[in-house]
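See below for the structure under consideration.
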Amino acid sequence: MSRRGELDAIVVGGGAIGAALALGLARDGFDIALVEARAPTPWNASDDVDLRVVALASDARLLFENLGVWAAIAGARIGPYRRMRVWDALAPGELAFDAAENGEAALGWIVENGLVQHALWSALGAEPRARVLCPAEVAGVDNDDEGVAATLADGTRLRARVLVAADGAQSPLRKALGIDCDDRDYAQRAVVANVATARPHEETAWQRFLPGGPLAFLPLADGRSSIVWSLPGAEAARVLALDDAAFRAELGAAFDFRLGEIVSSTPRAAFPLRLRLAKRYVAGRSVLAGDAAHVVHPLAGQGMNLGFRDVACLRRVLRDARDRGGDFGAPHVLRRYERERRSENALAAHGLDAIERLFGATDPLTPTLRGAGLALVDRLAPVKHVFAAIAAGRS
Ligand SMILES: Cc1cc2nc3c(=O)[nH]c(=O)nc-3n(C[C@H](O)[C@H](O)[C@H](O)COP(=O)(O)OP(=O)(O)OC[C@H]3O[C@@H](n4cnc5c(N)ncnc54)[C@H](O)[C@@H]3O)c2cc1C
């Protein structure tokens, strides 16, 4: 604890972003408390693969190596993807990325959300500078010139120099702090399931753009694929209600049978899709990170990766301020983080939004343009490398 028994930082929300940040700050020598409302579901190698998976980019791997959790994740259950293929249902052309073109072994890794959280929480449990309060809910936040206080639902008060709200897309704290958002409902839901296909997935992340939304097949370690099928709300409801045989037949056709017939499938789940960008990240000594700050379309698997870039940036900014002997929780310090991350997150979100709109459009001219676009991008090696670098987190 620092002066007057107060903490250095309070992190609210123990999802992947809050847990990574809490662990990182503790490793950086800060005394922190992590407050999480719900205990994470335990992850076991003997359980079936989680329906929620994430495509981790190279810089997320670097962060995990830095936190000392990569070996645990990679040694558990992880599917590298070495290639990416993107094509369109309404026009010719295909975009192809290959890790070997950049001299790399993989473009990224498909990992279960539950495994990421499990590895981070296990490491946090052994971290003397981290205090984990769970189940515990933050009910209110008070910022003042000297520090910030969090009041838990049971009345406990915590005080720190800085508070990070990593409390997810709904972020009750963002609302409590009076931070508004730009918000757009895609009127889509992403249907997810794990499926086995007649042909191997070739360690390739596949994505087909359909008029209703993109359909991705992500390669799992056990040879199956995790599908993320973005559909207009009513279509998603219909697809969720299909029996297994009808679902597999429709899914195979929607995917152009690129990996042959769908031979088995797990139960399905669905998630509503929004674009949501906080108009500012800082209120007094409180700051937003992860989905609390930005929610993007999942079409390029960027949401959590952007959050890990928030983590890396916020750690650097707080560390630098502390090492210079400054007040690391002061609003002007937090605004350095805001300036850097808000612009990059907004750029990524609007880029994904533009792609979603382009491929979602159904006027007669647009399919020709978008097919030409994919074919053109595929031929323009330098542009493609920039695309690949951004996707791999090397921007
Ligand atoms: C279908 C789909 C596919 C996706 N695929 C990818 C992908 O391939 N790659 C990628 O990078 N991203 C992907 N994403 C996005 C990614 O899942 C999210 O960006 C990420 O999970 C956000 O993590 P988080 O820690 O910010 O929030 P969350 O995981 O929502 O965690 C927030 C936590 O805060 C807790 N909390 C809330 N309020 C309080 C409170 N008052 N007190 C205490 N605790 C509180 C909650 O219990 C929760 O545990 C996808 C999203 C969807 C919907």
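Both ligands and their constituent atoms are indexed starting at 1 by order of listing.
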Before you tell me yes or no, could you show the steps for Asn44 and His118 under side-chain hydrogen bond (donor to acceptor under 3.5 Å, both in side chains), namely the whole-Å CA-CA distance, both residues' side-chain angles and the distance that decides it to 0.1 Å? CA-CA 9 Å; Asn44 287 302; His118 171 78; over 6 Å; no
Are [X] and [Y] close enough that a side-chain donor and a side-chain acceptor fall under 3.5 Å?
X      : Y      : result
Arg268 : Asn194 : no
Trp43  : Gln117 : no
Asp310 : Asn345 : yes
Ser286 : Asn143 : yes

Top protein contact for [atom], by heavy-atom distance:
atom                    : result
atom 28 (P) of ligand 1 : Gly168 CA, 4.1 Å
atom 5 (N) of ligand 1  : Val53 O, 3.9 Å
atom 8 (O) of ligand 1  : Ala55 N, 2.9 Å
atom 11 (O) of ligand 1 : Met304 N, 2.7 Å
atom 42 (N) of ligand 1 : Val138 N, 3.1 Å
atom 7 (C) of ligand 1  : Gly301 CA, 3.3 Å
atom 44 (N) of ligand 1 : Ala37 N, 3.1 Å
atom 29 (O) of ligand 1 : Gly15 CA, 4.0 Å

Flag the pair Arg159 and Asp142 as a salt bridge only when some basic side-chain nitrogen lies within less than 4.0 angstrom of an acidic carboxylate oxygen.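 So Arg159 does not pair with Asp142 through a salt bridge.
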One thing to verify: whether Arg27 and Glu127 come together as a salt bridge, which I'm taking to mean a side-chain N less than 4.0 angstrom from a carboxylate O.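 Yes.
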Which atoms from ligand 1 have a heavy atom of [X] less than 4.0 Å away?
X      : result
Ala190 : 1 (C)
Ile17  : 23 (O), 24 (P), 25 (O), 26 (O)
Val35  : 43 (C), 44 (N)

Considering both backbone and side-chain atoms of [X], is one of its nitrogen or oxygen atoms within less than 3.5 Å of a nitrogen or oxygen in ligand 1?
X      : answer
Asp291 : yes
Asn305 : yes
Ala289 : no
Gly290 : no

Part of [X] within contact of ligand 1 (heavy atoms, under 4.0 Å):
X      : value
Leu173 : neither
Ala57  : neither
Pro298 : side chain
Ala16  : backbone

Short check: is a protein heavy atom less than 4.0 Å from atom 25 (O) of ligand 1?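 When distances to the protein are checked, atom 25 (O) of ligand 1 has a heavy atom within 4.0 Å.
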Mind listing the side-chain donor-acceptor pairs of residues 206-222 below 3.5 Å, one per line with the distance, residues two or more places apart or on another chain?
residue: Trp206; atom: NE1; partner: His201; partner atom: O; Å: 3.2
residue: Trp206; atom: NE1; partner: Thr204; partner atom: O; Å: 3.3
residue: Gln207; atom: NE2; partner: Leu299; partner atom: O; Å: 2.7
residue: Arg208; atom: NH1; partner: Ala254; partner atom: O; Å: 2.7
residue: Asp222; atom: OD1; partner: Arg224; partner atom: N; Å: 3.0
residue: Asp222; atom: OD2; partner: Arg224; partner atom: NE; Å: 3.0
residue: Asp222; atom: OD2; partner: Arg224; partner atom: NH2; Å: 2.9

Atom 33 (C) of ligand 1: which of His297, Arg174, Glu36 has the nearest heavy atom?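 When every heavy atom of His297, Arg174, Glu36 is considered, Glu36 comes closest to atom 33 (C) of ligand 1.
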Best match, His294, Arg274, Glu137: closest heavy atom to atom 40 (C) of ligand 1: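 Shortest heavy-atom distance from atom 40 (C) of ligand 1: Glu137.
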Measuring from the heavy atoms of [X], does anything fall under 4.0 Å of ligand 1?
X      : value
Arg52  : yes
Gly307 : no
Ala136 : yes

Does NZ or CZ of Arg341 fall inside the cone over Tyr281's six-membered ring, less than 6.0 Å from its centre and within 45° of the axis?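 That pair does not qualify as a cation-pi contact.
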Assigning hydrophobic clusters by single linkage (Ile, Leu, Val, Met, Phe, Trp, Tyr; side-chain heavy-atom cutoff under 4.5 Å), is Val192 placed with Leu273?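 Different hydrophobic clusters.
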Restricting to side chain to side chain donor-acceptor pair (under 3.5 Å), what partner residues turn up for Glu261, sequence neighbours left out?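 With sequence neighbours excluded, Glu261 shows a side chain to side chain donor-acceptor pair (under 3.5 Å) to no residue whatsoever.
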Is the Phe64-Trp109 ring centre distance short of 6.0 angstrom?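 No, too far apart.
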Within a radius of less than 6.0 Å around CG of Asp145, do more than 12 heavy atoms belonging to other residues, nucleotides or ligands occur?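 Open.
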Smallest separation among heavy atoms of Leu51 and Pro267, with atom names: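 Here Leu51 and Pro267 meet closest at CD1-O, 3.6 Å.
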